[in-house]
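Worksheet: the structure to be examined is printed underneath.
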Amino acid sequence: MLINRMIRAAMLDPRLYEEVEHDRSATSQAMQVVIIVAIASGIGGALWKLLTLNPIDAVTGLIGGILVAVLGWLVWALVTYIIGTGVFGGTASYGEMLRTLGFAQSPNVLLIFMGVLGAIPLIGGLLRFVLLIWVLLAGLIAIRQALDVGTGKAVLTAVIGWLVMAIVIGIIAAVFGIGIPTPTT
């Protein structure tokens, strides 16, 4: 069921986002998605570090990446919830935002291939760019469906929420010396 939901989320299926919005038991699944994606990204990054003969950074990057991914998800969902309901009149709960935005991370499972593809000039950057756009679109659908607002309000909520989340995560990462992954979480 989790894999099926991840595939539907990656296919940008609005019905999936409505489904997980209302399924309170899907909160743990959303966290699993975030952790799976963080591990996939960490493995891809670790393989890259191993290829560049830097194994210590590979291990610390994997652990720090998981912590930052989970924290980023929690903060982005909270900020998006506050902005979406307080400023734009959306009707979601924090749990609904957690579930929908967690599943919106699904396309980033492909970051596992960064270790190999990142070594090919332009391919690694292109993969990251495609995934950034893909996850952004999934996030917009997740926000729109969870808040029950129009696309314009979802875009504004996503942009403002992402900027606030990026600042908060950047400060926390700097304080604790954690490497910051690309802004797709």
Side-chain angles (χ1 to χ4, degrees), residues 1-3 5-10 16-17 19-21 23-49 56-85 92-115 128 131-132 134-143 145-147 157-185:
M1 183 155 166
L2 177 64
I3 301 299
R5 281 181 162 178
M6 288 178 71
I7 291 168
R8 290 174 56 210
L16 174 274
Y17 293 100
E19 180 182 307
V20 298
E21 172 191 4
D23 181 0
R24 292 179 187 241
S25 67
T27 305
S28 64
Q29 283 188 340
M31 179 174 261
Q32 289 172 24
V33 172
V34 172
I35 291 171
I36 288 167
V37 165
I39 291 170
S41 176
I43 290 171
L47 288 173
W48 173 250
K49 293 293 184 178
I56 299 295
D57 282 351
V59 174
T60 58
L62 177 60
I63 295 168
I66 292 170
L67 293 174
V68 169
V70 172
L71 186 59
W73 168 59
L74 294 171
V75 170
W76 194 33
L78 179 62
V79 170
T80 303
Y81 163 72
I82 291 169
I83 293 167
T85 59
S93 69
Y94 179 55
E96 291 169 346
M97 293 308 302
L98 281 172
R99 290 188 291 275
T100 58
L101 288 174
F103 276 93
Q105 299 299 313
S106 294
N108 272 339
V109 76
L110 297 176
L111 286 171
I112 197 166
F113 297 112
M114 281 305 296
R128 283 197 180 276
L131 288 175
L132 175 67
W134 193 354
V135 170
L136 177 61
L137 290 173
L140 289 174
I141 293 168
I143 291 166
Q145 299 308 114
L147 290 171
T157 301
V159 169
I160 295 167
W162 186 86
L163 289 172
V164 171
M165 181 272 307
I167 291 167
V168 169
I169 295 301
I171 291 168
I172 291 169
V175 168
F176 292 102
I178 300 170
I180 301 172
T182 53
T184 57
T185 51

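In terms of heavy-atom proximity, Leu110 sits nearest to Trp134 at CD1-CZ3, 3.7 Å. What you find for Val34 and Gly102 is that their closest heavy atoms are CG2-CA, 3.9 Å. Ala158 and Leu140 make their closest contact through CB-CD2, 3.5 Å (heavy atoms, listed as atom of the first residue, atom of the second, distance). Minimum interatomic distance between Leu98 and Trp73 (heavy atoms only, all atoms of both residues): O-NE1, 2.9 Å. Closest of all the heavy-atom pairs between Pro107 and Leu131 is O-CD2, 3.3 Å. The shortest heavy-atom contact between Leu101 and Ala77 is CD1-CA, 3.7 Å.
Taking CE of Met1 as the start and CG of Asp23 as the end, the distance is 6.0 Å to the nearest 0.5 Å. To the nearest 0.5 Å, atoms CE (Met31) and CG (Leu74) are separated by 5.5 Å. To the nearest 0.5 angstrom, Ile66 atom CD1 is 7.5 Å from Ile35 atom CD1. Note that CD of Gln105 and OG1 of Thr100 are 10.5 Å apart. Values are rounded to the nearest 0.5 Å.
For Thr80, the side chain to side chain donor-acceptor pair (under 3.5 Å) partners are Trp76, not counting sequence neighbours. Leu163 pairs by the side chain to side chain contact (heavy atoms under 4.5 Å, CB included) definition with Val159, not counting sequence neighbours. With sequence neighbours excluded, no residue forms a salt bridge (charged side-chain N to carboxylate O under 4.0 Å, His left out) with Glu21. A search for side chain to side chain donor-acceptor pair (under 3.5 Å) contacts involving Thr27 returns Arg99, not counting sequence neighbours. The side chain to side chain contact (heavy atoms under 4.5 Å, CB included) search around Ile83 returns Val79, Val87, Phe88, Thr157, Ile160, not counting sequence neighbours. Applying the side chain to side chain contact (heavy atoms under 4.5 Å, CB included) test to Ala9 and every residue at least two apart in sequence or in another chain returns Leu16, Tyr17, Phe103, Ser106.
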Inset, instruction - Kindly indicate, with the supporting measurements, whether the criterion side chain to side chain contact (heavy atoms under 4.5 Å, CB included) is fulfilled by Met97 and Ile143. - result: CA-CA 7 Å; Met97 293 308 302; Ile143 291 166; 3.8 Å; yes
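Judged by distance alone, with hydrogens and angles left aside, the side-chain atoms of Glu96 form a donor-acceptor pair with the main-chain N or O of Ser93 at under 3.5 Å.
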